Amino acid sequence: MKKNDWFLAAGIVIAAAVILLLQIFGSVQNGLTVTVSVDGSLYGTYSLSEDRQVEINDTNRIVIENGSVVMEWADCPDQLCVNHRSISRDGESIICLPNRVVVSIEGTDGKNEENSLDGIAG
Amino acid sequence: MKHRAAYFGVFTALALIFSYVETLIPVNFGIPGVKLGLANLMIVIVLYKTNWREALLLSVVRIVLSGFIFGSLFAILYSLAGGLLSLAVMAFLSRRDWFSVIGVSIAGGVSHNIGQLVVAMIAVQTYRVGYYLPVLLIAGLLTGALIGVISGQVLIRIRHIRFE
């Protein structure tokens, strides 16, 4: 193993840590909403603090409970979204690629949206 | 290469077996797309023992075949994006003297995940998937390093074998 290999590995770890920190500190925890979009267009927004179930086009079902969201059921073959851990923080998302369903948590104000995008770009 | 077809058949068979073995290992980190990438072992070895054209052909054939056998059309699309970017990066780096096999494989693993992430961003038309970037970087680093260490050991042991 060459010295350069270690530099490469260290660089990647640092890059990941910086992006993660930007994501954590660029996020807000209160007044979050759950946004569901299908095929790139908005399907609906729901409050994270209100417990409920949402059916998405007969292909997916999410459950909002105790301030977190899980994909309870999906008809896709890989079931990656169903196995995904629950999400509760700003910017987190569960994505069902086969059905093109994106469930994400966002701040209620537009300013927050920009912040998280900056976090990703950084 | 006199026995090109025969060797290529063996490489493809090995890559497919690795793809199959991978489906037997239950890995679920709660994050989609994190896999060991065992089949990449063959890509790295072929890249070092022959040339990038063979590795490219093997990569595409492997992804299409294993996609139809174990995955779906979607899986093929995402794997191709990751596989081609990863191969391009590894082919470029392996011709230079900057990194050992391990470094090249790490770069390949990380770029594989970035390629898939970009396709996922285009497919679902959201930057939200960028949230996975840190996890995917680390995952690519670890799996790439593992594949690099194994390929390095295999390459040492088959250094006298020439695929001609």
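These numbers come from a predicted model, not from an experiment. The sequence lines fix the lettering, A, B, ..., with proteins before strands; numbering per chain opens at 1.
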remark   = A:Glu65 meets the salt bridge (Lys or Arg N to Asp or Glu O under 4.0 Å) criterion, sequence neighbours left out, with none

request  = List the atom of A:Ile19, the atom of B:Leu133, and the distance in Å for their closest heavy-atom pair.
outcome  = CD1-CD2, 3.7 Å

Nearest-0.5 Å distance, CG of residue B:Leu137 to CD1 of residue A:Ile14 = 12.5 Å

inquiry  = For A:Leu8 versus B:Phe99, what's the shortest heavy-atom pair and its separation?
reply    = CB-CE2, 3.9 Å

inquiry  = Atom CZ of residue position B:Arg95 - does it have more than 12 heavy atoms of other residues, nucleotides or ligands inside 6.0 Å?
reply    = no

note = If one checks every heavy atom of B:Ala145 against chain A at 4.5 Å, the contacting part turns out to be neither

query = Do B:Leu146 and B:Val149 share a hydrophobic cluster (ILVMFWY, side-chain heavy atoms under 4.5 Å, transitive)?
reply = yes

ask   = Does CZ belonging to B:Arg162 count more than 12 external heavy atoms closer than 6.0 Å?
value = no

task = Determine the minimum heavy-atom distance between B:Tyr78 and A:Leu97, stating which atoms define it.
result = OH-CD2, 3.4 Å

request  = For B:Ile106 and A:Ala9, work out which heavy atoms get closest and say how close.
outcome  = CD1-CB, 4.5 Å

inquiry  = Taking B:Leu85 as the starting point, is it possible to reach B:Leu93 by hopping between hydrophobic residues whose side chains are less than 4.5 Å apart?
reply    = no

